[in-house]
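The next block holds one structure in the form of structure tokens; read it before the comments.
Chain letters run A, B, ... following the sequence lines, proteins first, then strands; residues in each count from 1. This one's a predicted model, so the numbers in the text were calculated from it and none came from an experiment.
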Amino acid sequence: MRDAEITVCNVAEAMLAWYDRNARDLPWRIPPGDDTPPDPYRVWLSEVMLQQTTVAAVREYFLRFTTRWPTVSDLAAAPDADVMGEWAGLGYYARARNLLKCARVVADRHGGTFPDTYDRLLALPGIGPYTAAAMSAIAFGRPETVLDGNVERVMARLYELHTPLPAAKPVLHAYATALTPRNRPGDYAQAVMDLGATICTPKSPACGICPLRDRCAARLAGNAAQLPKKTPKKPKPTRRGTIYLAQRSDGAWLMERRPDHGLLGGMLGWPGSDWAETAQDAPPLQADWTLLPGEVRHTFTHFHLILTVMTATLPADSAPDSGFFLAPDQFRPSDLPTVMRKAYDLARSK
DNA sequence: CATTCGTGGAG
DNA sequence: TCTCCAAGAAT
């Protein structure tokens, strides 16, 4: 029993010592040793952006968001379209919708101050078990246990757990909880995630320079790169569709706001057909449509998409059956999700 | 517990 | 070209 406690204690100490020397410089991070109090708004925003998204992709979005909306109340007061447009390209757009919902709850019902406990954070839109734990630890110094993909990998290797994910999650969480220190829990959480991102990587982990190399069961067994095991994924089907880019003679584009739920929910887009196994026509209005040479290829989380693009020029008095016309000075291609921007780029290149 | 939900970089 | 996968949440 005494040995186990010493081992547990040493893991956290080894991780914090490693973090003190190797912490990456990130825009949302307070460096170890810096006693500046963390801003819960910035911790929250970064954690939501980092959900299933790489540090490299998040960096510039985080800087733009915090420059444009320095506080949660600023964000809460922003028009929906502005926030969705700023999020465009980052993916998983339900995050942006929930981000706004959460900001408005915090601004309207909490006086602009985030709650500081795991349970109350968990109750907010877009904050799940991981983000509630990360905010508790990083923003509020509480010894909560974070379990993200990095921590899962580090724990599976440290304890050489061969049970495949996601079934292994409860056991991995128990391992992670046993290691979480009362001291500097925020730095510790970031240390384990940094380790997973830079040393204990999925494919070829750098075990030789790992601060836990002497006590990692998988490293000792020589199978670190084979862990964690995962249940195999389904193959992605291919769907097809047609998308319509119409520009009025005054330059205005015919566009639509996608419904809040479902794929690309809440985002700006071009009108078009459903996306199904076989392509189909669904022009938004009667016009002299021209088939654009080429096609748009895009891969979502669970299917490949091939889009045929049609273009048309419409008379100045044209009125849409659905959607709306967006004047050229109000149309920013950067407001589009990537698949819609690809269609725009294809049309513009002709 | 399984499915839905983006994107871009790495290998 | 193709698969994997990254600081997950909601349903």
Side-chain angles (χ1 to χ4, degrees), chain A residues 23-24 26-29 42-62 84 87-99 101-102 121-139 144-154 164-170 173 176 186 188-198 200-204 225 228-239 258-267 269 275 297-305 336-342:
Chain A
R24 292 181 289 174
L26 304 174
W28 48 84
R29 172 172 291 174
R42 294 169 62 88
V43 175
W44 165 69
L45 180 62
S46 64
E47 291 301 341
V48 172
M49 287 183 165
L50 285 162
Q51 291 167 5
Q52 295 291 285
T53 309
T54 57
V55 165
V58 165
R59 196 182 294 262
E60 53 194 294
Y61 281 85
F62 178 83
M84 300 311 289
W87 195 278
L90 198 56
Y92 284 142
Y93 298 102
R95 292 184 296 173
R97 301 195 301 274
N98 286 328
L99 191 81
K101 278 188 199 170
C102 183
L121 288 164
L122 188 63
L124 293 169
I127 298 184
Y130 164 76
T131 304
M135 289 185 70
S136 297
I138 299 170
E144 299 288 348
T145 300
V146 301
L147 188 67
D148 73 328
N150 290 305
V151 181
E152 287 174 357
R153 186 167 56 254
V154 171
L165 286 166
K169 231 176 154 175
H173 189 274
Y188 172 77
Q190 295 179 87
V192 182
M193 293 190 283
D194 267 19
L195 186 78
T198 62
C200 195
T201 54
K203 292 178 182 176
S204 47
K229 294 182 179 172
K230 297 190 174 182
T231 55
K233 307 174 181 179
K234 294 180 179 177
K236 295 180 181 182
T238 297
R239 298 184 191 172
R258 296 177 64 85
D260 262 356
H261 294 285
L263 195 66
L264 308 180
M267 297 301 289
W275 300 338
R297 288 177 173 270
H298 191 72
T299 299
F300 293 101
T301 308
H302 51 294
F303 66 93
H304 303 289
L305 178 64
L336 296 173
T338 300
V339 65
M340 299 294 171
R341 190 176 47 72
K342 283 183 180 177

Value in whole Å for how far the P atom of C:dG8 lies from CG of A:Leu147
10 Å

Sugar-phosphate only, base, or nothing, as touched by A:Leu90 at under 4.0 Å among non-hydrogen atoms:
base

Could you tell me if the ring centre of A:Phe300 sits under 6.0 Å from that of A:His298?
yes

From CG of A:Leu336 across to C1' of B:dG6 the rounded distance in Å is 15 Å

Tell me the interatomic distance from A:Leu263, atom CG, to B:dT3, atom P, rounded to whole angstroms.
17 Å

CA sep, side-chain torsions, deciding dist, call: A:Lys169, A:Glu152, side chain to side chain contact (heavy atoms under 4.5 Å, CB included)
CA-CA 7 Å; A:Lys169 231 176 154 175; A:Glu152 287 174 357; 3.1 Å; yes

Is it the case that the base of B:dG6 and the side chain of A:Thr53 share a donor-acceptor contact (distance under 3.5 Å, atom types as modelled)?
yes

Would you tabulate the pairs of protein nitrogen or oxygen atoms and nucleotide nitrogen or oxygen atoms of nucleotides 9-11 of chain B closer than 3.5 angstrom?
none

Partner residues of A:Arg95 under the salt bridge (Lys or Arg N to Asp or Glu O under 4.0 Å) criterion, sequence neighbours left out
none

If we only count heavy atoms from C-beta on, is the A:Ser46 to A:Val58 side-chain gap below 4.5 Å?
no

Tell me whether the side-chain N/O atoms of A:Lys234 come closer than 4.0 Å to OP1 or OP2 in B:dT3.
yes

Counting only side-chain N and O atoms of A:Arg297, is one of them less than 4.0 Å from OP1 or OP2 of C:dT1?
no

Select base, sugar-phosphate, or nothing to describe what A:Gly262 touches, counting heavy atoms under 4.0 Å on all strands.
sugar-phosphate

Take the protein atom CG of A:Leu264 and the nucleotide atom P of B:dG6, then report the distance between them rounded to whole Å.
5 Å

Among C:dC5, B:dG6, C:dA6, find the nucleotide with the atom closest to the side chain of A:Pro202.
C:dA6

Under 4.0 angstrom between A:Thr301 side-chain N/O and B:dT4 OP1 or OP2:
no

Using only side-chain N and O atoms of A:Gln52, determine if any of them is under 4.0 Å from OP1 or OP2 of C:dG8.
yes

Using a 4.0 Å heavy-atom cut-off, does A:Gly89 contact any base of the nucleic acid, only the sugar-phosphate backbone, or nothing at all?
sugar-phosphate

Interatomic distance, CD1@A:Ile138 vs CD@A:Gln190, rounded to 0.5 Å, equals 4.0 Å

Between CZ of A:Arg59 and P of B:dG8 the distance, given in whole Å, is 18 Å

Closer than 4.0 Å, any side-chain N/O of A:Thr338 to the OP1 or OP2 of B:dG8?
yes

With a 4.5 Å cut-off on side-chain heavy atoms, are A:Leu147 and A:Pro129 touching?
no

Check the phosphate of C:dT3 against A:Lys236, side-chain N and O only, distance under 4.0 Å to OP1 or OP2. Yes or no?
no

Would you find a donor on one side and an acceptor on the other, under 3.5 Å apart, between the side chain of A:Arg59 and the backbone of A:Pro27?
no

A:Val43 side chain near A:Trp28 side chain, heavy-atom distance below 4.5 Å:
no

Return whichever of A:Phe303 or A:Ala167 has its heavy-atom-nearest nucleotide of DNA chain B closer to the 5' end.
A:Ala167

note: A:Leu99, atom CG; C:dG8, atom P; distance rounded to Å ~ 16 Å

Let me confirm one number: the CG-CG distance from A:Leu124 to A:Leu99, rounded to the nearest 0.5 Å.
11.5 Å

Contacts under 3.5 Å, N or O only, protein and nucleotides 9-11 of chain C:
| residue | atom | partner | partner atom | Å |
| --- | --- | --- | --- | --- |
| C:dA9 | OP1 | A:Gly128 | N | 2.9 |
| C:dA9 | OP1 | A:Gly128 | O | 3.4 |
| C:dA9 | OP1 | A:Thr131 | N | 3.0 |
| C:dA9 | OP1 | A:Thr131 | OG1 | 2.9 |
| C:dA9 | OP2 | A:Pro129 | N | 3.4 |
| C:dA9 | OP2 | A:Tyr130 | N | 3.2 |
| C:dA10 | OP1 | A:Gly126 | N | 2.5 |

Walking DNA chain C from its 5' end, the first of A:His304 and A:Ile138 to be reached, judged by nearest nucleotide, is A:His304

Within the side chain of A:Ser136, is there an N or O that forms a donor-acceptor pair under 3.5 Å with the backbone of A:Ala134?
no

For nucleotides B:dG6 and C:dT11, find the distance between their P atoms and express it as a whole number of Å.
14 Å

At under 4.0 Å between heavy atoms, what does A:Trp28 touch on the DNA or RNA strands: base, sugar-phosphate, or nothing?
base

Rounded distance (nearest 0.5 Å) linking atom CZ of A:Arg97 with atom NE2 of A:His261
6.5 Å

Between C:dC4 and B:dT3, how far apart are the two P atoms, rounded to whole Å?
16 Å

On the nucleotide B:dT7, are OP1 or OP2 found under 4.0 Å from the side-chain N or O atoms that A:His298 carries?
yes

Rounded distance (Å) that lies between atom C1' of B:dT4 and atom NZ of A:Lys233:
14 Å

Expressed in angstrom and rounded to an integer, what is the separation of A:Tyr61 atom OH from B:dG8 atom C1'?
10 Å

Using a 4.0 Å heavy-atom cut-off across all strands, classify A:Arg153 as base, sugar-phosphate, or nothing.
sugar-phosphate

When you match A:His302 and A:Lys342 each to their closest nucleotide on DNA chain B, which lands nearer the 5' end?
A:His302

